[in-house]
Amino acid sequence: MHLTFPHILAVTGGRAIAGGVHAVCKRLSTDTRTLRSGDWFVALRGERFDAHDFLPEALERGAGGLVLSRLPEGL
């Protein structure tokens with residue numbers, strides 16, 4: 001199943017801050033250690049961690065998109 005950018009926005013209630021509406025997500029990842037180039041990274045937050053801390057690594061590994069609950073400064 002391929003998710004489109006508008007579909008991801010609708011499901012998450014999010015808003016686009018960059019990118020095109022024609023972007024397609026073939027694979028989601030919540031772990032930068034297993035992230036492959038083109039995957040979309042979902043930054044989860046928990047009581048003991050915040051995956052937003054790993055956004056630079058996700059971008060270095062070639063994330064095709066980011067699903068965030070907050071926009072960190074400097075991103």
Side-chain angles (χ1 to χ4, degrees):
M1 176 181 190
H2 296 239
L3 300 173
T4 64
F5 196 49
H7 182 85
I8 291 171
L9 292 176
V11 169
T12 63
R15 63 183 174 91
I17 58 169
V21 295
H22 300 293
V24 175
C25 175
K26 296 181 182 179
R27 186 170 179 260
L28 293 172
S29 178
T30 59
D31 189 335
T32 56
R33 296 171 295 184
T34 59
L35 185 79
R36 292 187 256 167
S37 181
D39 291 354
W40 283 40
F41 181 66
V42 180
L44 300 177
R45 288 194 309 181
E47 291 181 21
R48 296 175 294 191
F49 69 91
D50 185 348
H52 292 80
D53 296 338
F54 299 98
L55 296 178
E57 184 178 344
L59 293 171
E60 286 174 16
R61 295 182 66 92
L66 303 172
V67 179
L68 314 173
S69 60
R70 65 179 176 82
L71 184 60
E73 282 189 42
L75 183 65

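Position 1 is the first residue of the sequence, and the numbers go up from there. Because the structure is predicted, anything quoted here is derived from the model rather than measured.
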Audit row: Asp53, Arg45, salt bridge (charged side-chain N to carboxylate O under 4.0 Å, His left out) steps and yes/no: CA-CA 10 Å; Asp53 296 338; Arg45 288 194 309 181; over 6 Å; no

Intermediate values then yes/no, side chain to side chain contact (heavy atoms under 4.5 Å, CB included), Ile8 and Cys25: CA-CA 9 Å; Ile8 291 171; Cys25 175; 3.8 Å; yes

Audit row: Val42, Leu68, side chain to side chain contact (heavy atoms under 4.5 Å, CB included) steps and yes/no: CA-CA 6 Å; Val42 180; Leu68 314 173; over 6 Å; no

Verdict with supporting geometry, Phe54 and Phe49, side chain to side chain contact (heavy atoms under 4.5 Å, CB included): CA-CA 10 Å; Phe54 299 98; Phe49 69 91; 5.8 Å; no

Derivation of the side chain to side chain contact (heavy atoms under 4.5 Å, CB included) call for Val67 and Phe41: CA-CA 6 Å; Val67 179; Phe41 181 66; over 6 Å; no

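Open room surrounds CZ on Arg33; 12 or fewer heavy atoms of other groups in view lie less than 6.0 Å from it.
Formation of a donor-acceptor pair under 3.5 Å by the His52 side chain with backbone atoms of Leu44 is not found in this model.
When every heavy atom of Ala51 is checked against every heavy atom of Ala43, the shortest pair comes out as CB-CA, 3.7 Å. Shortest non-hydrogen contact noted between Asp39 and Leu35 is CB-CD1, 3.4 Å. Heavy atoms only, all atoms of each residue included: Ser29 and Asp31 are closest at OG-O, 3.0 Å. Of all heavy-atom pairs spanning Arg27 and Thr34, the tightest one is NH1-O, 3.6 Å.
Contact check for Leu55 versus Thr32: no side-chain heavy atoms found under the 4.5 Å cut-off.
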